[in-house]
Amino acid sequence: MSDAATTTKLPVTVDKPTPYTFDLGLLLANDPNPLSLDRSSPLEPQLASIARDGCQSLINQLLTACPISSTPAGVLLSLPPPQTPLPREKPVPTPKAETKWSQFAKRRGIKPKTREQRRNLQYDETTGEWGRKWGYKGANKAGDDAPIIEVKQAQEEKRMAEGKSVRGDKRREIRERVKRNERKMRANERRESGRKK
């Protein structure tokens with residue numbers, strides 16, 4: 001009880017030779033006055049006093065300059081838009097160069113697929129379960145692991161003469177598709193790097 005009685009209330013007004021400048025949108029108070037510290041007394045209380053003066057002047061400015069409104073949620077103080085431009089940590093990202101496909105899609109009016117169209121699930125009526133359309137155990141690989149594959153006699157004889165097989169052709173086709181995609185990807189990267197220069 002004695003401690004509460006002995007503590008004195010600090011003044012609400014802050015007097016400085018040069019007044020503070022404020023950016024209330026960022027809750028910023030700039031003190032242009034030089035920092036004068038007494039070397040004989042402890043440093044922490046002096047810094048706390050200077051910081052307290054800055055906070056008090058900022059609060060005074062907020063209460064006098066900003067509109068205050070009462071709502072069911074409580075009392076709201078509306079801040080003005082910030083005036084001080086803050087620097088970015090990283091540079092502004094450059095827009096990504098369009099690929100050949102995106103240019104073609106824009107010309108033709110092809111829209112990207114919806115989330116429902118992109119879902120990798122389909123209902124298999126034979127098993128009565130939901131399964132993948134593509135990927136691991138996908139429906140597009142349904143006949144890949146079949147022990148017996150139906151082939152046409154003339155095509156099979158031609159393959160046998162060339163030393164190829166049906167399964168080998170399928171694997172070769174997949175590898176060619178992957179290589180083609182990689183070539184297209186590299187061509188897009190070259191085109192994009194050519195635009196950056």
Chi angles and distances behind the side chain to side chain contact (heavy atoms under 4.5 Å, CB included) call for Leu28, Thr21
CA-CA 8 Å; Leu28 174 71; Thr21 56; over 6 Å; no
Take Asn60 and Gln56 through the test side-chain hydrogen bond (donor to acceptor under 3.5 Å, both in side chains) and record every step on the way to the result.
CA-CA 6 Å; Asn60 292 346; Gln56 184 63 58; 2.9 Å; yes
Is there a side chain to side chain contact (heavy atoms under 4.5 Å, CB included) between Arg115 and Arg118? Walk through the geometry before answering.
CA-CA 5 Å; Arg115 184 178 178 188; Arg118 282 195 315 268; 4.1 Å; yes
Assess the residue pair Asn120 and Trp134 against the criterion (side chain to side chain contact (heavy atoms under 4.5 Å, CB included)); give the C-alpha distance rounded to whole Å, side-chain angles, the decisive distance to 0.1 Å, and a yes or no.
CA-CA 7 Å; Asn120 188 19; Trp134 40 265; 3.4 Å; yes
Stepwise side chain to side chain contact (heavy atoms under 4.5 Å, CB included) test for Leu62 and Leu79:
CA-CA 8 Å; Leu62 285 169; Leu79 295 176; 3.6 Å; yes
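Atom CD of Glu125 sits in a sparse spot, with 12 or fewer heavy atoms from other residues, nucleotides or ligands closer than 6.0 Å. Within 6.0 Å of atom CZ in Arg119, 12 or fewer heavy atoms from other residues, nucleotides or ligands are found, so the atom counts as exposed in its surroundings. Other residues, nucleotides and ligands contribute only 12 or fewer heavy atoms inside 6.0 Å of the CZ atom of Arg180. Around the NZ atom of Lys16, the shell of radius 6.0 Å holds more than 12 heavy atoms that belong to other residues, nucleotides or ligands. Shown here is Lys100, whose NZ atom has no more than 12 heavy atoms of other residues, nucleotides or ligands within 6.0 Å.
Counted by atom type alone, Asn188 and Thr99 present zero donor-acceptor pairs between their side chains at under 3.5 Å.
No donor-acceptor distance shorter than 3.5 angstrom exists from the side chain of Glu157 to the backbone of Ala154, with no hydrogens or angles considered.
Tracing side-chain contacts under 4.5 Å through hydrophobic residues (I, L, V, M, F, W, Y), one reaches Ile59 starting from Leu24; they form part of the same cluster. Linking Ile, Leu, Val, Met, Phe, Trp and Tyr whenever their side-chain heavy atoms come within less than 4.5 Å leaves Leu10 and Val14 in two separate clusters. A continuous path of Ile, Leu, Val, Met, Phe, Trp and Tyr side chains, each step under 4.5 Å between heavy atoms, connects Leu63 with Leu27, placing both in one hydrophobic cluster. Cluster annotation: Ile68 and Leu76 are assigned to distinct hydrophobic clusters (Ile/Leu/Val/Met/Phe/Trp/Tyr, side-chain heavy-atom contacts under 4.5 Å, transitive). Tyr20 and Ile50 fall into different hydrophobic clusters, where Ile, Leu, Val, Met, Phe, Trp and Tyr residues are linked whenever their side-chain heavy atoms come under 4.5 Å apart, directly or through other members.
Nearest heavy-atom pair across Ala139 and Gln122 is CB-NE2, 2.9 Å. Between Asp23 and Pro81, the closest heavy-atom pair is OD1-O, 4.4 Å. Closest of all the heavy-atom pairs between Glu192 and Ala97 is CG-CB, 3.5 Å. Considering all non-hydrogen atoms of both residues, Ser36 and Gln46 come closest at O-OE1, 4.5 Å.
Of the inter-residue distances, the one linking Lys96 atom NZ with Ser102 atom OG reads 10.0 Å to the nearest 0.5 angstrom. One finds the NZ atom of Lys152 at 12.5 Å from the NZ atom of Lys158 (value rounded to the nearest 0.5 Å). Between Leu121 atom CG and Glu116 atom CD the span is 9.5 Å, to the nearest 0.5 Å. The line from CZ of Arg175 to NZ of Lys179 is 7.0 Å long, rounded to the nearest 0.5 Å. Residue Met185 holds its CE atom at 11.5 Å from CZ of Arg190, rounded to the nearest 0.5 Å. To the nearest 0.5 Å, the span separating CZ on Arg191 from NZ on Lys184 amounts to 8.5 Å.
Salt bridge status for Lys106 with Glu98: present, with a side-chain N to carboxylate O gap under 4.0 Å. A salt bridge links Arg177 with Glu173; the closest basic N to acidic carboxylate O contact falls under 4.0 Å.
Side-chain atoms of Glu129 and Asp124, non-hydrogen and from C-beta on, never get closer than 4.5 Å to each other. Counting heavy atoms from C-beta on, the side chains of Ser69 and Val75 never come closer than 4.5 Å. Contact of the Cys66 side chain with the Ser78 side chain is not registered, since no non-hydrogen atoms from C-beta on lie closer than 4.5 Å. Under the 4.5 Å side-chain criterion, counting only non-hydrogen atoms from C-beta, Ile110 is in contact with Trp101.
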